[in-house]
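Please read the structure below before turning to the comments.
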2 protein chains.
Amino acid sequence: MADRPGAPHDLHATAAQRLRSDGQRYTSNRRVLIDLLGATDHPVTIAEVLTLRADLAQSSVYRNLAVLEQAGVVHRVVATDEYARYELAQDLTEHHHHLICSSCGAVADFTIGPKLEESMAEAFARVGEQTGFETDHHRLDLVGRCTDCR
Amino acid sequence: MADRPGAPHDLHATAAQRLRSDGQRYTSNRRVLIDLLGATDHPVTIAEVLTLRADLAQSSVYRNLAVLEQAGVVHRVVATDEYARYELAQDLTEHHHHLICSSCGAVADFTIGPKLEESMAEAFARVGEQTGFETDHHRLDLVGRCTDCR
DNA sequence: CTCAGTGCAAAGGATTTGCATGCCG
DNA sequence: CGGCATGCAAATCCTTTGCACTGAG
């Protein structure tokens, strides 16, 4: 689950390309963020980023993550606490879901089988037809207690 | 989907009982909140509550919803925007999921078939065994654009 | 050179808290 | 009566924004 499809180079190349398509530059700060997100196996809070890379300015991190999200390179994850979390866009990693600890707020990744994903996709298609809702992506999270908090 | 299992009386009785078990009173303000949540078919923001019932003090709404959540009567729903939303606990209504509009933030309810729910429950049990994560509940949301925003 | 990106500090906005008062038990 | 609930206003805290400076193209 920690392995990413494609080498780091591809990751940066893809990020650069998507940013360019969006009229944005791939600056060193943005590269640092991508490196950082590519090295973790869970969505990261802004606070974590600032701790891991104390040289980054808070406002730049907020702004750059917003730019990267806009360009479709990273994805904003909403857990249950008030902190925003970011991960690489799932087409740059692999499709997965989140285990959210309601006690400490930790977020971990997990996957379910492709069969189940398919069944869900079919169900979502039906819902879309019936309601007129145009689905962009789905969110399947388990909320509970992580091993540390049990 | 708008129908709730059990008459309103049961709802209040259950709410009162759960609060009592939690050492809390079922005050008139709390009753108003339950009435309001029972009357809608989607999770409600604090702002909506304050608009619908302008006589309620903002701080009391925040505090009472927290108390009600603690007692297991209401559930806090996290969408994609920064607003907290609340709905009745799903054992007081029926199990459902959310359509979240990433454009206007609207949240609507929908359900999937019991078969699929079962398959998911099985998958979650497996994940729990493998990771040691103790699941309290799951969250399955579709993020996209509602009919108004398409 | 030009203009987007950066960093610092100040502002914004949803949510929380302190405190005096009111009311249920 | 005692203690929790309430309401108002002030405080918090994550996040956003203003502004002057720096650096890439």
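Bear in mind that the values here come from a model prediction, so they are computed numbers and not experimental data.
We find that CD of A:E48 is positioned 12 Å from P of D:dT15, with the value rounded to whole Å. Rounded to whole Å, atom P of C:dA14 lies 12 Å from atom CZ of B:R85. We find that CG of B:L50 is positioned 12 Å from P of D:dC8, with the value rounded to whole Å. D:dT12 atom P lies 22 Å from atom CD of B:E82, rounded to whole Å. Between the OH atom of B:Y86 and the P atom of C:dA14 there is a distance of 15 Å, rounded to whole Å. Between the CG atom of B:L19 and the C1' atom of D:dC4 there is a distance of 13 Å, rounded to whole Å. Rounded to whole Å, the distance from CG on A:D55 to C1' on C:dT6 is 12 Å. When the C1' atom of C:dT16 is taken as reference, atom CZ of B:R76 falls 12 Å away, rounded to whole Å.
Side-chain N/O atoms of A:Y62 include none lying less than 4.0 angstrom from OP1 or OP2 on D:dT16.
Looking at heavy atoms from C-beta onward, B:M120 lies in side-chain contact with B:I112 at the 4.5 angstrom threshold.
Residue B:A84 is classed as a sugar-phosphate contact, given heavy-atom separations below 4.0 Å to backbone atoms only. Within the 4.0 angstrom heavy-atom criterion, only backbone atoms of the sugar-phosphate kind lie near A:Q24; the bases stay farther away. Within the 4.0 angstrom heavy-atom criterion, only backbone atoms of the sugar-phosphate kind lie near A:T27; the bases stay farther away.
Under the 3.5 Å distance criterion, the side-chain polar atoms of B:D22 are left unmatched by any main-chain donor or acceptor of B:Q24.
For B:R25, whose side chain is taken as the heavy atoms from C-beta onward, the closest listed nucleotide among D:dG18, C:dG25, C:dG5 is C:dG25. Picking from D:dT17, D:dC8, C:dT16 the nucleotide with the shortest atom distance to the side chain of B:S59 gives D:dC8. Comparing C:dT6, D:dT6, C:dG5 against the side chain of B:R30 picks out D:dT6 as the nearest. Side-chain atoms of B:Y83 lie closest to C:dA14 of the nucleotides C:dT6, C:dG5, C:dA14. For B:N64, taking side-chain heavy atoms from C-beta onward, the closest of the listed nucleotides D:dG7, D:dT6, C:dC8 is D:dT6.
Here B:H97 and B:H138 bring their ring centres to under 6.0 angstrom of each other.
Below 30°, between 30° and 60°, or above 60°: for B:H137 and B:H75 the angle between ring planes is above 60°, a perpendicular geometry.
Looking at A:R20, its side chain has no donor and acceptor atom pair within 3.5 Å of the base of D:dG25. Donor-acceptor pairing under 3.5 Å, judged by distance alone, is absent between the side chain of A:R31 and the base of C:dG5.
When each of B:E87, B:R139, B:R85 is paired with B:H98, the side chain to side chain donor-acceptor pair (under 3.5 Å) condition holds for B:E87 and for no other.
Position along DNA chain C of the nearest nucleotide to B:R63 versus B:A47 favours B:A47 as the more 5'-ward residue.
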